[in-house]
Every structure is written in C-alpha cells, then in structure tokens.
Amino acid sequence: MHFAITTSPTSSAVFIASRFSPSLLSKPSLTGASLPFRSISTLPAFRSASRWSHGVDWRSSRTLRAQIGAVAPVVQQFQRKIASMASENPFKGIFTTLPRPGGGEFGKFYSLPALNDPRIDKLPYSIRILLESAIRNCDNFQVTPNDVEKIIDWENTSPKQVEIPFKPARVLLQDFTGVPAVVDLACMRDAMNKLGGDSKKINPLVPVDLVIDHSVQVDVARSANAVQANMDLEFQRNNERFAFLKWGSHAFDNMLVVPPGSGIVHQVNLEYLGRVVFNTDGILYPDSVVGTDSHTTMIDGLGVAGWGVGGIEAEATMLGQPMSMVLPGVVGFKLSGKLQNGVTATDLVLTVTQMLRKHGVVGKFVEFFGNGMSELSLADRATIANMSPEYGATMGFFPVDHVTLQYLKLTGRSDDTVAMIEAYLRANKMFVDYTEPQQDKVYSSYLQLDLGDVEPCVSGPKRPHDRVPIKDMKSDWHSCLDNKVGFKGFAVPKEAQEKVVSFPFQGQTAELKHGSVVIAAITSCTNTSNPSVMLGAGLVAKKACELGLEVKPWVKTSLAPGSGVVTKYLLQSGLQKYLDQQGFSIVGYGCTTCIGNSGDLDESVAAAISDNDIVAAAVLSGNRNFEGRVHPLTRANYLASPPLVVAYALAGTVDIDFDKEPIGTTKDGKSVYFKDVWPSNEEIAEVVQSSVLPDMFKSTYEAITQGNPMWNKLSVSSSSLYSWDPNSTYIHEPPYFKDMTMNPPGPHGVKDAYCLLNFGDSITTDHISPAGSIHKDSPAAKYLLDRGVDRKDFNSYGSRRGNDEIMARGTFANIRIVNKLLNGEVGPKTIHIPTGDKLSVFDVAMRYKEAGHDTIVLAGAEYGSGSSRDWAAKGPMLQGVKAVIAKSFERIHRSNLVGMGIIPLCFKAGEDADTLGLTGHERYTIDLPAKVSDIKPGQDVTVTTDDGKSFTCTIRFDTQVELTYFDHGGILPYVIRNLIKK
C-alpha cells in the first residue's frame, strides 16, 4: 500500500482493490486538444485574486487565459500535474471530450459509460462519484486499476469492509474548528523548521473555504439594532481570533476566509460555494467536500458528496494526505406521495431521522430516490441531508436532477455553468431524469416512506431523534416530568409539577412553570436555508399580530438567518415587520442558539429558574438539543420548524395540546387556537413564489466578497510564520510537536492505568468538550481570571479553541455530565482513586499525569456522538488519557481519537462495564505488541485489571493506515515526517 503527498486538485477518491480489464489500457489517449482555463475573479477587498473562490470564478465558464498569471503558485503546480495526468492514467482510453451544443467543448472527462461494464448501471449514484474519482486519479501508485475494479464490484466488496483512501476536491471549515486547524498548520510549519524541513510545504493543496459563523452571540435581542450591536460585541471578543484567521488567509495558499456577518457556513456552501461539477483547466469532475462541521452533509442535498470529519483529519486532507475510510454500504430510501397540508420539511426530517436511527445507518451512505423526490424542493432536500449526523449516516445523498438545476439557476449560477453541469452528469450517468424509466439500483438495504404519512412534530427534550408528534406533546411532557432522570425524564415530584413562580419583569408580573418557554430561536442552517419554513414563520407571526396576540416579553426570541438572502425575501414579502412585532428581530448571521451562543437570559428570569428549580424550555429550529448545549438553564430543549417556534413562543409553554387548548386570547377575550394562525401550504407557496428571486442571491454574494468595515480594518503580519504571543488567551502554541523527532515513537500499550471517568450511553462531544459558556467556577475560568480576564470577557469554549491551555481545562467540563464514579451526582467532577478526593476532572487528570500514571475512560454506547469536534480527542490526550473502552463509537470521534494517538477499544457484543463488574476503581492494563506490524485492524486484545478481572475487547484501528498513524503518535506527526522525507 502506498501513500504519497500529491498536488492534484482533481483528486476525489482513491481505492484499494483487486483486478481490472486489460482492454481499457490499450485504447489510445484522447489528449492534445486545448484545455480552457477557468476565469479569474478580481476582488479588491482581498489581497490577491487567488483569495476568493481560490482565484477562480467557478460560476462562469468564460476563458480568460490572459489572467492566469494572477493565480497562486500552487494552482500553477496543479496545472502542471493536470497536464500530465491524462498521459499517465491507465484509463486514458476513456478520457474523452464533452461537446458544447452549438460547437466547441465544455472540457474533457473520464467517461464511465466507456467502460462498457453493466455493473455500473446498478451502482448507487453516490458510489459512481467514488468510482469516477478513482479512475481519474489512477496512477498505478496511489490508485491502481485493481482499485477501480473493486469499486465497480461494490455490490460484492462493500459487505467485506474493504479499506479505501479518499481525497476530496475541497475542504470546508467554520471558525470554531477553523481556528484550531490554522493553529495546527502554523505549529506544523514551526515543527518543519525545527526538523530541518521546508515550512512552505505546509500549505493546503486543495481549495479550503473557511466561513466565520460560530462566534456571534445573542447578547442583544428584540431590538432594531441587534445585528450591529451583536457584531460589535463579536468583534470586541474575537478581534484576536479574527486577525489570526485573516493572517492565515494570507499566509497559506489556496485558503479563503469568508468574514463574519456573511451567513452560516452550510448555507453559504449550498447557495454559493458548491460547484456540483468542477471544471479545472478543462478537466471536468464531480465536486466533493469534507468539512470540520458534522453538518457539512447539507451539501448532499445539492448532489455534492460531502460529509463531516474531525479537524485533525481535515488538516491532513489539506496537505494531500488521503483520508482512510471503509467502502460504505448504501441504504436506499424510497420516497413516495406528497406532504399533507400544514406539514413542513422540518417535520419530515425529524421523521426521517427517527426512521434511520432505528434502522441503523452508522458508517453508511443513505441515498434517496423515488417519485416523491419531485415533491421536495432543493431546500427540503438540504434540510434532510443536513441532519445526517443526527440519524448517524456518513451522507444523506440526493442525486442531481431537474430540481437541482432549477435551484442552481435560482441562486445565480450562470446558464452556461448549469448547462455544463447537466451535460457532464448526463454524459457520465450521474444525472437522474424522472421523466425517463428508472433502472433499479442495488442497495445494501432499503427503507420507504410515504410523505403523506408525515405529521407535525418536534424532537426532544434532550436528543434530536426523540420525535414527538404535536398531538402527543402534552402527554409526552407530563411523562417526562414523571420519568426518572434520563433522555426522556426529569423526575419532578408530582406535588411540584404544577408549581407557578411569579416574579417582577420590567415593571410587570411574569410567571414561569415547568415547561415554560424562555428561549424561542429561529436559528440553524438546517432550517434558515429553506424559504418555505422561514416565510411560514413570518405568516404565523402576521396572523398572530392581526389577531392581537403577543409573545410574552420574558421569552428570549431571536431570528438568525443563514444568509443575507433570507433578510431580502422576508422584507420583500412584507413579513419581517410582523416577526419584529413578535420579538423575532434579526440578531445576526450565524449559528447563534443552535451552537449554544444563545446569550444570557434576563437576570430575573434566570433567578426564577435557578431559585425554584424550574424545568424551563427552549424551542429552536436547530439540529442539536443535547442537555447543556442550548443554554445551561434550559433543561428541556425541543427542535421544531421555524413556524412552530413562533407558535410555541406565542403559547409560552410546551405543556399544551394545540388541538384542544388556545395559544392565546384576542384583546376582546376570544380564544385563539393553533389552527387560526397556521398557514396552508398554498399560502406559503404563493409567498415563496413572489418573494424569493434570483437577483437576491446574486446581490448578496457579490457583496459578501467585500467583507465589512470591521474585518477590513484588521491589520495582520505578512510573515509566513506566526509570531506566538505567550500572553494570549485566544491563540497559544500547542505542545503536540514539542519533543518530536524524525523517528516514530511506535505503538504504546497501557500499564496499570486509573479510570478517569466511567460513563453510560450517549456521551456526546458536547459532554467531552463543550462549546458554550465557561462556567464561573471551572478550571478554565480560574485560568482566565489568573491572567486578568474579566468574567464578562470569558467568551465561550468554542471561541477559545485556539488555546490548548483553556481547552484542556474545558475537557469533560459540561455541567450536565454524568460520571458513575460520583454515584449519581451530576457535574464535571471525578474521583482521584488513590486518595478518594473529589475534584474537577482536569485537576484529577493533572494529578495522575504528574505522578506518571496512565488513565483510561470507560463508556457505553454511541460514545462521542454529536458534533465533529477534534477537541473532544485533543483534550483527553492533553489530560493524559491513553485509551477509551466503549460499547460503540460515533464515526468521526473514533477517527479523531486515532488521529491523536488514543486507543479506541470496544467491548464485545452483550458486554459492558456493568456486565463485567467494572466499577472504575480498578487499574487497567492493555498489552499491545511492540511492533505495529504485529497489530491487525480490528483484532482482539485482552484487558486485565489489578483485581484479577480479564476481558476481551476489539481494537478499533479499522485500517492499516490508522495503525500507521498510531505508530507515529498521531496523524499530524505522520504527515510532518512524510513531508520532510519527500
């Protein structure tokens, strides 16, 4: 097996496979024709033309040879590589021209139909993308003809869990994950220098887009000037981070940074950055992307293969290292019928999430097909694709069809570009035309849903896949109050369930009870990209205003669009004024409440909740509702469509039966019911048709390139090496490569390790490495206070991810974490086993580390579910954790643990810590061979304890490549050593 650093921007996937057809290798090369360059955009707001869309205006197919000199040197390197690719490729016989109607050509491409293999016709569309990539990148070195054969034979090979490397066409970042990624790249440059290498080799070799969207907080709400006020505070808090990212956009080639206030990364990707088909110097190939946000899958709704990875993996991908993965099975999900009146895309995605979660799709692709596809807008599809992490799939893929092409035109892609996309995909059998008879595809398993069976629903109170039909909400809520503490329980005593708390609020008397809504947020890329639900929310607000209803002033309401387009069509429709009247003023353009940036509650509301132990509720149009994520004081958090967010805000409680109980009363005392404010599908469609216009997308994304005044004023160094400030509490040089040498350290076992934490099921990355507010009594708070940072300037853990000192202290710092060593006590503490002392997790970890003791973590099922958060692996590594033993792992988190050199182990089926009688008070030894060559992917290993127990686990290094990373002490040291040797 060979793994080399390459510079091809056309790389999409590489595969390890078995045999090939010699006839393919004898056909003559179809090369020599002139390959047109893509046009270069000139953007004065950025330092050079290469800073925006990587120096290329992909929306236009015009040829601008004269401007090619403006492209960054790395792009010229790509051109040299591409120029020789066709002659080197064993499949040059299928390298052919795509003619342009009326004369000329769009470019050249590797033709799947020219393989003349009937197996290809049965392949899922998502696998065809992988096949094309393997053919295009076939060089008899990284990819061989045998690899191509194994993908063609996917029906037989995918059940065998074969290993494949994958090289995406581009990488997508947001700032929470982007800052630590750029920190790591800067640190790697320093390490290259120290080891005698060329630091300039640390440069992205594929296009990298970084959208700053995770930093804005809802400090100011219900105000006409909320957008500017919150942005001012965002820049005050994050000036140093933003300057660092701006430095990165200049110091590293091929990196674009989209400034704050532009929108949510996945909506910007959908509306603007997504190419669908790349045309790189006349070579056509499908767009593909990996991103450091788990909801990168939203782009799958556009027919672009994309999914989330850990930041560590993304950094290696940027530097040309193939991603190692298992060739996935594909679940075929057939859609039929149409949604009933009053049912939204959010109701649909929550239903799909529950179905797929039950079916079991972890590590698989899901591909949607069927006649029901014609009933779903592109935005509806993107909503379903967005929540792939919540149903556990790697992708939720929607192949390109006529609906996709219509959306591309709506969002401002040029007619010529759309024509090129359609022609290429049709020619390569990657386009679905539902007007033609459909050949059955082979899938690993099948599911089916009649869209007419979907009913209005929400999900919660603590997990995205715990769907609750609206008609059952009241009874489900009371069950949650009764049930013992858990995912569906709060254990509120019967006598306390009807408690009502009165308190003064801005000169009037306010009331709270269990289930009272204190946060109602229209937020998140999942829904704000969808005009039907956004305008639907505006219609609910309009009807409520006309009936004289008002949201109670103590409910913190907010609207955070995913792009400026939303604002334009809300204003065009005349509905924004009604949202403003109900308190849903625009607060900013970013993730806000969905990522935990909900801002403080009013002090009187917070005190009423805390002092009276009220189970308060948040209702948000987001995709994550894990406890402690949305806000520390909202123990119940429900995911809902934007119109339902407005409805629950009006009702003021989740303890309501919308069919039987009024949501409010008119000024003359008449009861108003849910049905009185709920718009019909026809009403929504009419306002969408008249209000969502192509010029809105064009003007928004022309303006986005200009940044904003505060961003443009940031001054940064022109040095290619970063000058670390030891006093900075935002950007700190991490210790990963401190004692690194050119010799790999080799594999490590675990000897007499203490158990740092003993967890149950569904420990999320929010539990392991919270992104939200820094608690005043936490080790991270002490660190900041000791360095003169006022509490009001703590900012969030997410914004501090460029500082390893803070993030190590923030690891396992979620205030709702449940550690079995504490015997039922909830909170971020653990027991120091030798002394019995109960301290913060960080303090106990440091005691063990200073004494030279290894530590391990015990866990249940789905360990590391949730966001693709590399700090959930980096933090434990810095705390000294050597292994995690769990019932099962979430895909991305397991990969991140491997990337940081932590051993992931799985209990055998039917076993866990409880069944084996493990309490966490034992000391654990895991013996591994001294040579990595003696370890096999997925082999059994024996774990022994100091009290005589012994049990067998499966080591979750799933591929030989992952074992290589383990041998090197992690993926980044491996990349550095490889680059120096090269």
Indicate yes or no: at least one non-hydrogen side-chain atom of Trp477 is less than 4.5 angstrom from one of Phe490. yes
Of all the heavy-atom pairs spanning Gly396 and Ala385, show the shortest one and how long it is. O-CB, 3.4 Å
Which distance, rounded to the nearest 0.5 Å, do you find between the OG1 of Thr526 and the CD1 of Ile384? 12.0 Å
Within the 3.5 Å criterion, strictly below it, is a donor on His478 or Asp655 matched to an acceptor on the partner's side chain? yes
Determine whether the aromatic ring centres of residues His359 and Tyr446 are separated by less than 6.0 angstrom. no
Straight-line distance of Asn527 CG to Leu620 CG, nearest 0.5 Å: 9.5 Å
I'd like to check Tyr648 versus Phe658 (side-chain heavy atoms, cut-off strictly below 4.5 Å). Are they in contact? yes
Using a distance-only test with no angle check, is there a side-chain donor-acceptor pair under 3.5 angstrom linking Asp580 and Gln576? yes
Asn681 CG to Asn341 CG distance, which is reported to the nearest 0.5 Å: 4.0 Å
If only side-chain N and O atoms count, and only distance matters, is there a donor-acceptor pair under 3.5 Å linking Asn386 with His266? no
Salt-bridge contact Glu390-Arg624 (side-chain N to carboxylate O under 4.0 Å): yes
If we check side chain to side chain contact (heavy atoms under 4.5 Å, CB included) with Ser479, which of these qualifies: Leu481, Asn483, Asp482? Asn483
Could you measure the distance from the CG atom of Asn269 to the CD1 atom of Ile299? Nearest 0.5 Å is fine. 4.0 Å
Under 4.5 Å between any side-chain heavy atoms of Leu601 and Trp554, yes or no? no
Between Ser598 and Lys556: side-chain donor-acceptor atoms closer than 3.5 Å: no
No-hydrogen, no-angle side-chain donor-acceptor test under 3.5 Å, Thr593 and Thr523: no
Looking at Asp433, I'd like to know if its CG atom is crowded, meaning that more than 12 non-hydrogen atoms belonging to other residues, nucleotides or ligands lie closer than 6.0 Å. yes
Kindly indicate whether the side chain of Leu570, heavy atoms from C-beta on, has any atom under 4.5 Å from the side chain of Leu535. yes
Can Ser563 and Tyr272 be counted as having a side-chain donor-acceptor contact under 3.5 angstrom? no
Got a second to check how far Thr351's OG1 is from Asp453's CG, nearest 0.5 Å? 9.5 Å
Using a 4.5 Å cut-off on heavy atoms from C-beta on, say whether the side chain of Tyr701 contacts that of Val565. yes
Residue pairs passing the salt bridge (charged side-chain N to carboxylate O under 4.0 Å, His left out) test where at least one lies in residues 634-649, sequence neighbours excluded: Asp613-Arg635
Within a strict 4.5 Å, meaning less than it, do heavy atoms of the Ser865 and Thr764 side chains meet? yes
Using the salt bridge (charged side-chain N to carboxylate O under 4.0 Å, His left out) criterion, which residues pair with Lys488? Sequence neighbours excluded. Asp476
Are Leu644 and Thr346 packed together at the side-chain level, in the sense that at least one heavy-atom pair is separated by less than 4.5 angstrom? no
Any non-hydrogen side-chain atom of Val646 less than 4.5 Å from a side-chain atom of Ile522? yes
Val517 and side chain to side chain contact (heavy atoms under 4.5 Å, CB included): which partner among Val619, Thr557, Leu650? Val619
Check this for me, if you would: do Asp401 and Arg381 make a salt bridge, where the nitrogen-to-carboxylate-oxygen distance has to be below 4.0 angstrom? yes
To the nearest 0.5 Å, tell me how far Leu451 CG sits from Asp380 CG. 9.5 Å
Tell me which donor-acceptor pairs under 3.5 Å the side chains of residues 538-553 have, and how far apart each pair is, sequence neighbours excluded?
residue : atom : partner : partner atom : Å
Lys542  : NZ   : Glu546  : OE2          : 2.8
Lys543  : NZ   : Glu683  : OE2          : 3.1

